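Only a predicted model underlies this, so the values are computations on that prediction, with no experimental measurement involved. All ligand and atom numbering here is 1-based and tracks the order in the structure.
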Amino acid sequence: MPNANISVELTPPDISPYMTGNTGVEYVTRFDSGKPGPHVMINALMHGNEICGALALDHLFKHDIRPTHGVLSLGFLNYKAFLTFDAQRPLNSRYVDEDLNRVWTEERLDSDEDSSELRRAREMRPYFDTVDYLLDIHSMSTPSPAVTLCNGLDKERDLTRKVGFPEYAAYGSGFVVGRRLIEYTPFHDSNNAKTGLLVECGYHWAKETAVTALDVALFFLRALNMIPTEFFDAHVTNNPPPPLKGLEITEGLYSKSNAFRFTKQYKGMEVIETAGTVIARDGDEEIVTPYDNCALIMPNHNVGADMRVLRFARLS
Ligand SMILES: [Zn+2]
């Protein structure tokens with residue numbers, strides 16, 4: 001069955017030229033400037049159907065991106081899921097067995113459990129251990145404005161400010177079961193400088209989302225002085241960017257029943273003025289905003305029971 005009512009404006013790129021790479025890890029390529037500097041990595045396809053990041057990396061490869069110092073790595077993470085992408089059924093290729101962005105705990109990585117995603121995570125783990133700055137490119141299920149997500153560690157906030165794009169940054173726990181790659185221990189340790197940021201670039205398959213993803217990569221690389229100004233200027237679209245707006249995520253909202261429905265077709269980033277405003281119904285229960293000027297982050301309208309459906313945030 002095709003997925004209903006979904007328009008796919010983006011065409012997934014051919015990533016087969018990047019399979020072999022030069023790192024011994026499939027779909028990971030490294031460019032070494034030969035000069036001292038950090039190891040910076042940009043990831044696409046943590047979720048196989050979020051193709052904007054793959055388009056951004058394809059663009060960088062095709063325009064011969066090279067770091068001016070340090071090392072730049074480009075990786076396509078859940079390529080196995082991506083290779084099943086079908087524009088008629090775009091929801092189906094998010095992962096093969098499980099969400100690759102939930103497995104980054106030592107307990108799971110060191111366990112005897114097996115899944116396509118755990119195999120990929122174990123293969124990538126030693127590589128991530130060498131990365132100083134990581135950008136993980138994602139997209140969303142609604143046409144929300146793009147947003148940087150991180151936990152809110154000082155080093156993450158500093159890097160987010162330096163990058164300065166997209167317009168919104170939401171700080172706080174993802175309220176997820178398991179851990180995302182940006183929470184993998186080396187990145188989540190406030191005693192070192194290793195930093196991971198996750199950016200949600202917009203609606204999964206909108207044309208504009210691919211433009212945003214490329215811009216996110218360019219602003220990230222510029223913030224770390226990894227690319228010449230001429231390269232940045234030649235490829236960027238949203239420049240200068242609007243001033244950064246920070247949001248502090250305070251809680252995650254989970255559905256209890258299959259009958260969870262938002263009262264409106266929220267896209268994300270709406271700010272609801274008055275505490276107690278009804279924004280959803282979960283069976284008989286009314287779900288209300290917990291405080292004044294409450295921002296709604298990443299509403300998920302395709303929900304069943306026991307799913308994260310939203311995060312609430314305060315403007316900061
Ligand atoms: Zn994602």
Side-chain angles (χ1 to χ4, degrees), residues 3 6 8-10 12-13 15 27 41-57 74-85 87 89-104 115-118 120-121 124 128 134-151 156 160 166 168-170 172-184 187 196-206 208-217 220 249 252 267-269 297-303 307-311:
N3 302 143
I6 288 180
V8 175
E9 297 172 359
L10 298 176
I15 64 166
Y27 290 100
M41 182 160 189
I42 305 180
N43 284 337
L45 300 177
M46 175 69 86
H47 295 128
N49 60 353
E50 300 181 358
I51 57 185
C52 63
L55 287 163
L57 296 195
L74 304 177
F76 301 89
L77 294 196
N78 205 340
Y79 65 89
K80 284 192 179 156
F82 168 77
L83 293 175
T84 69
F85 187 83
R89 299 165 187 78
L91 296 174
N92 298 13
S93 46
R94 184 174 169 84
Y95 51 76
V96 177
D97 296 322
E98 62 173 320
D99 188 332
L100 180 58
N101 211 22
R102 298 290 181 271
V103 303
W104 297 94
S115 71
S116 176
E117 279 71 21
L118 276 168
R120 182 61 168 161
M124 297 286 314
F128 287 134
L134 175 86
L135 170 64
D136 196 18
I137 299 180
H138 290 247
S139 58
M140 298 180 271
S141 64
T142 61
S144 165
V147 55
T148 301
L149 300 179
C150 63
N151 287 277
E156 295 172 331
T160 302
Y168 294 96
S173 153
F175 296 97
V176 295
V177 177
R179 272 203 216 147
R180 302 174 291 183
L181 177 59
I182 60 168
E183 286 137 4
Y184 171 50
F187 297 117
L197 298 180
L198 188 167
V199 180
E200 301 280 0
C201 295
Y203 177 60
H204 293 314
W205 307 294
E208 183 57 32
T209 304
V211 175
T212 302
L214 178 60
D215 279 356
V216 165
F220 190 80
I249 298 176
K267 293 190 291 193
M269 297 304 156
I297 314 272
M298 293 179 71
N300 181 356
H301 295 272
N302 307 309
V303 291
M307 289 175 68
R308 188 193 52 203
V309 289
L310 186 72
R311 301 151 168 114

Measure from the Zn ion (ligand 1) to every N/O/S atom of H47 and report the name of the nearest one.
ND1
Taking 2.8 Å as the cut-off, does E200 contribute an N, O or S atom near the Zn ion (ligand 1), distance below it?
no
Any idea how F82 and F85 line up, ring-wise: parallel (<30°), tilted (30 to 60°), or perpendicular (>60°)?
parallel
Residues H47, D99; criterion side-chain contact (heavy atoms from CB on, under 4.5 Å); working and verdict
CA-CA 7 Å; H47 295 128; D99 188 332; 2.8 Å; yes
Geometry at the Zn ion (ligand 1) - H138 ND1 versus E50 OE2 angle, rounded to 10 degrees
150°
Is it true that a side-chain atom of T142 and a backbone atom of K267 form a donor plus acceptor pair closer than 3.5 Å?
yes
Do E183 and R180 sit within salt-bridge range, that is, some charged N less than 4.0 Å from a carboxylate O?
yes
